[in-house]
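Comments concern the structure below.
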Amino acid sequence: MIKEYKTIHEIASPLMVVEHVEGVTYDELGEIELPNGDVRRCKVLEVEGDRAVVQLFESAQGINLAESKVRFLGHPQQLAVSEDMLGRVFNGMGQPIDGGPDILADAHMDINGLPMNPSARAYPAEFIQTGVSTIDGLNTLVRGQKLPIFSGSGLPHAALAAQIARQARVLGDNETFAVVFAAIGITFEESEYFINDFRRTGAIDRTVVFSNLANDPAVERIATPRVALTAAEYLAFEKDMQVLVILTDITNYAEALREVSAAKKEVPGRRGYPGYLYTDLATLYERAGRRQGKKGSITMIPILTMPEDDKTHPIPDLTGYITEGQIILSRELYRKGIVPPVDVLPSLSRLKDKGIGVGKTREDHAGTMNQLFAAYSRGKDAKELMTILGEAALSDDDKLFAKFADEFEKRYVSQGNSTNRSIQETLDLGWELLAILPKRELKRIKPEMIEKYLPQK
């Protein structure tokens, strides 16, 4: 028997205090029935004695303190999950918004999930092909990894996110691949861009889309990534799929967390964000991975815009501690017309060595990757020297390295948002570019690999 309370004490949106409650627990879901019969949702944030502080999912407008009724449902927020979610579009709370029918649920899962026991984790070791050379060739994404993309305001991270969602696949005959795409606090135009892009290319058939718009409540923004990860956990660990989760934009999520924290009058931490921001982000990121005894996996690409392009800002800073590397987008490359403008040198995938080589990509992958990094770095140094001292100050080798850096940016980094390169095409392109350099300078590749793969001039 669900008990109803008419004891709302006060409302300070998005929070509400209900008195004289019994048996109410943290995170429990509740419903508020207005005098006109409308029902709004809330969840319990705090219980002290017989007082409960609840968080409203919708507007507080129209809630009459004396006449409105509150009932607590005895369970936390849940998501109805089924394989039929693939190809569908939902709002941030998991309700269909594409005009299709409600999901016939196989199960109802708690959106907060269960922490993955570290001893039950399997080590990420298999390659995921994104079709983007700067990721596949140099900062390889591995199944079960968390690899964020650090962007700046105005950079084309949305187009890169859509490209990865559209092109990503696992190599192997018997693997079922799915994408869970969660858009957090984005504009209506961006949301339409993603959904239309997926529909136009047919990628929607293997994708579950959760779209939380900028004018939706902050509370929904906090729930959206958890709802998306719950869908991913079901597909990965119950249906044995290889799932790629793309979350954009984590900065909007953290802003919503700060807004709710301020309403609760919590003591702020760095730049006004709550002191538990690190812990909160970890509860999201650590839901990715592989589990021993399970065929499926969750690989995560969180995308975040760095305020003022500042890598030391709390959101990218804390994200970097929890995840296994980062892909950084460069404003300088974007100004040059290079798309996607991935800044190769400061980008990093800490697990790239685990997902490459014989039987995964190709035997020459590790050597060419290290050589491309080294040659591009030296080429950029040569170009800086040329700017200061003029071309005459450069040796013949330095001129070749400067030429290599230009060609590398134009042909390898800049591939546009519609080119889908296989890992073989990416590796072959790397060898074509290395052929610009004298053979004696290829010091990071085994001689037998040079003989086998280097194009003859």
Side-chain angles (χ1 to χ4, degrees), residues 1-48 50-82 84-85 88-112 182 184-185 188 191 209-228 230-231 256 259-260 263-264:
M1 179 76 183
I2 295 177
K3 195 171 179 182
E4 291 188 337
Y5 299 94
K6 273 193 170 184
T7 51
I8 301 173
H9 177 65
E10 66 173 301
I11 298 175
S13 187
L15 305 181
M16 183 174 82
V17 178
V18 187
E19 295 189 321
H20 310 307
V21 298
E22 294 174 6
V24 174
T25 57
Y26 171 73
D27 233 21
E28 189 174 335
L29 209 58
E31 291 180 342
I32 306 153
E33 188 178 323
L34 275 56
N36 64 1
D38 283 356
V39 175
R40 296 187 191 163
R41 294 158 304 156
C42 61
K43 75 168 183 177
V44 178
L45 282 188
E46 212 174 283
V47 181
E48 192 177 326
D50 65 350
R51 283 165 65 102
V53 178
V54 302
Q55 192 169 25
L56 305 171
F57 287 157
E58 291 108 341
S59 160
Q61 196 171 352
I63 299 178
N64 182 306
L65 297 188
E67 297 298 321
S68 300
K69 294 182 276 194
V70 183
R71 49 183 172 266
F72 296 100
L73 306 181
H75 59 78
Q77 190 182 341
Q78 295 176 325
L79 177 69
V81 290
S82 157
D84 296 338
M85 298 178 88
R88 299 292 304 276
V89 181
F90 302 87
N91 67 10
M93 302 300 278
Q95 296 155 335
I97 55 171
D98 55 3
D102 286 345
I103 293 294
L104 289 171
D106 286 349
H108 288 83
M109 295 174 67
D110 180 356
I111 68 160
N112 297 300
I184 306 162
F188 179 77
S191 176
V209 180
F210 294 92
S211 179
N212 164 261
L213 300 180
N215 63 340
D216 289 330
V219 182
E220 182 176 313
R221 202 152 305 142
I222 293 169
T224 303
R226 292 178 167 80
V227 168
T230 304
E259 185 182 323
V260 172
K264 287 156 70 177

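- No side-chain donor-acceptor contact under 3.5 Å links R88 to the backbone of I97.
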side-chain contact (heavy atoms from CB on, under 4.5 Å) evaluation trace for D27 with K43: CA-CA 6 Å; D27 233 21; K43 75 168 183 177; 3.5 Å; yes
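- Atom-to-atom distance recorded for I32:CD1 and D38:CG is 11.5 Å, nearest 0.5 angstrom.
- Side-chain atoms of E31 and L73, non-hydrogen and from C-beta on, do get closer than 4.5 Å to each other.
- Within 6.0 Å of atom CD in E46, 12 or fewer heavy atoms from other residues, nucleotides or ligands are found, so the atom counts as exposed in its surroundings.
- No more than 12 heavy atoms of other residues, nucleotides or ligands sit less than 6.0 Å from atom CD of Q61.
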Trace of the side-chain contact (heavy atoms from CB on, under 4.5 Å) decision for Q55 with L15: CA-CA 5 Å; Q55 192 169 25; L15 305 181; 4.3 Å; yes
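- In this structure, a donor-acceptor pair under 3.5 Å is absent between the side chains of N91 and D216.
- Using a 4.5 Å heavy-atom threshold, the side chains of F72 and V54 count as touching.
- In plain terms, the two heavy atoms of A231 and L79 that are nearest each other are N-CD2, 3.9 Å.
- Taking 4.5 Å as the limit, every side-chain heavy atom of V44 sits out of range of all side-chain heavy atoms of T25.
- Residues L29 and H75 are in side-chain contact: their nearest non-hydrogen atoms beyond the backbone lie under 4.5 Å apart.
- Side-chain contact between R71 and V39 is present, with heavy atoms from C-beta onward closer than 4.5 Å.
- When all heavy atoms of N212 and G92 are compared, the closest pair comes out as CB-CA, 4.3 Å.
- E58 approaches P217 most closely through the heavy-atom pair CA-CG, 4.2 Å.
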Go through S82 and I103 one step at a time and tell me if the side-chain contact (heavy atoms from CB on, under 4.5 Å) criterion holds. CA-CA 7 Å; S82 157; I103 293 294; 3.6 Å; yes
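- Here L213 contributes atom CG and I184 contributes atom CD1; the two are 12.5 Å apart, rounded to the nearest 0.5 Å.
- Contact record, F210 with M85: CZ-CE, 3.9 Å, taken as the closest heavy-atom pair.
- A heavy-atom distance below 4.5 Å is not found between the side chains of R226 and Q77.
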Stepwise, does the side-chain contact (heavy atoms from CB on, under 4.5 Å) test hold for I63 with L34? CA-CA 6 Å; I63 299 178; L34 275 56; 4.0 Å; yes
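- Closest of all the heavy-atom pairs between E67 and P35 is CB-CG, 3.5 Å.
- Considering NE2 of H9 and CZ of R51, their distance stands at 5.5 Å, rounded to 0.5 Å.
- For the atom pair N36 CG and E33 CD, the distance stands at 9.0 Å (nearest 0.5 Å).
- When all heavy atoms of P14 and V219 are compared, the closest pair comes out as CB-CG2, 4.4 Å.
- Between D84 atom CG and D106 atom CG the span is 7.5 Å, to the nearest 0.5 Å.
- With contacts defined as side-chain heavy-atom distances shorter than 4.5 Å, the pair L56/R40 does not qualify.
- V53 has its side chain out of reach of M16: every pair of non-hydrogen atoms, C-beta onward, lies at least 4.5 Å apart.
- To the nearest 0.5 Å, the span separating CD1 on I222 from CZ on F57 amounts to 9.5 Å.
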